[in-house]
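In what follows, a single structure is set out as structure tokens and then discussed.
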Amino acid sequence: QVQLVESGGGLVQAGGSLRLSCAASKRSFSNTAMGWFRQTPGKEREFVAGMMWSGANTYYADYVKGRFTISRDNAKNTVYLEMNSLKPEDTAVYYCGARSGLVKTDYYEYNYWGQGTQVTVSS
């Protein structure tokens, strides 16, 4: 069982930046994929960014490409999402998920989730 805890959300003005953290309760293996997703009321959880713990490749949704960066610190068992040039439409609850195998963009492919952290971008 893997427990994930997100932090770092908050209120920021448009154009600002935030860094989200996702701390895992146990050491992850190289074949574990980590994904950041976001969700707004009435909508499905959507993919934002993902990477393998091996860090070989990173993946981004088109609507965050060039603005968000996913990274990880193996020593801290933590995955980060650096968010720059934030827009009001980025407002959502952000979740990190973990799964065995490759990065997937569908939320139902992930077995473990954190509790989420709210990001609000004001115009």
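Numbering of residues begins at 1 and proceeds along the displayed sequence.
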Counting only heavy atoms from other residues, nucleotides and ligands, does the tally under 6.0 Å from NZ of Lys65 exceed 12? yes
Heavy-atom nearest pair, Val119 first then Met83, reads CG2-CE, 3.8 Å
Nearest heavy-atom approach of Ser17 to Ser85 is OG-N, 4.4 Å
Practice prompt. Would you check if the side chain of Arg72 reaches a backbone N or O of Ser54 as a donor-acceptor pair within less than 3.5 Å?
Written response: yes
Notebook entry, point to check: Do the side chains of Gln39 and Tyr95 get nearer than 4.5 Å, heavy atoms only?
Noted result: yes
Practice problem: Please answer whether the main-chain N or O of Cys96 pairs with a side-chain N or O of Glu6 as donor and acceptor at a distance below 3.5 Å. | Solution: yes
So CG of Asn57 and CD1 of Ile70: to nearest 0.5 Å the spacing works out to 12.0 Å
*Close side-chain approach of Val5 to Gln3, heavy-atom, < 4.5 Å*: no
Smallest heavy-atom separation, Leu81 atom then Ala49 atom, equals CD1-CB, 4.0 Å
Closest heavy-atom pair, Tyr60 versus Thr69, reported as atoms and distance to 0.1 Å, is OH-CA, 3.3 Å
Between the OG atom in Ser123 and the CD atom in Gln13, the distance rounded to the nearest 0.5 Å is 9.5 Å
Note: Met34 and Ala98 closest approach over all heavy atoms is SD-CB, 3.6 Å
Between the CZ atom in Phe68 and the OH atom in Tyr63, the distance rounded to the nearest 0.5 Å is 10.0 Å
With sequence neighbours left out, the residues meeting salt bridge (Lys or Arg N to Asp or Glu O under 4.0 Å) with Arg38 are Glu46, Asp90
Scanning both residues in full, the closest heavy-atom pair of Met52 with Asn31 reads CE-C, 3.6 Å
In this structure, CD of Glu82 is separated from OG of Ser21 (nearest 0.5 Å) by 9.5 Å
Interatomic distance, OH@Tyr112 vs OG1@Thr32, rounded to 0.5 Å, equals 9.0 Å
Report task. Check whether any side-chain N or O of Thr78 sits under 3.5 Å from a backbone N or O of Ala23 as a donor-acceptor pair, and report yes or no. Result -> no
query = Looking at side-chain heavy atoms only, is the closest gap between Tyr59 and Thr105 below 4.5 Å?
reply = no
Atom CD of Glu89: over 12 foreign heavy atoms under 6.0 Å | yes
Under 30°, 30 to 60°, or over 60°: which ring-plane class applies to Phe37 and Phe47, parallel, tilted or perpendicular?
-> perpendicular
To the nearest 0.5 Å, atom CZ of Arg99 lies from atom OH of Tyr107 at 14.5 Å
Can you confirm whether Thr40 sits close enough to Thr91 that some side-chain heavy atom of one is under 4.5 Å from a side-chain heavy atom of the other? no
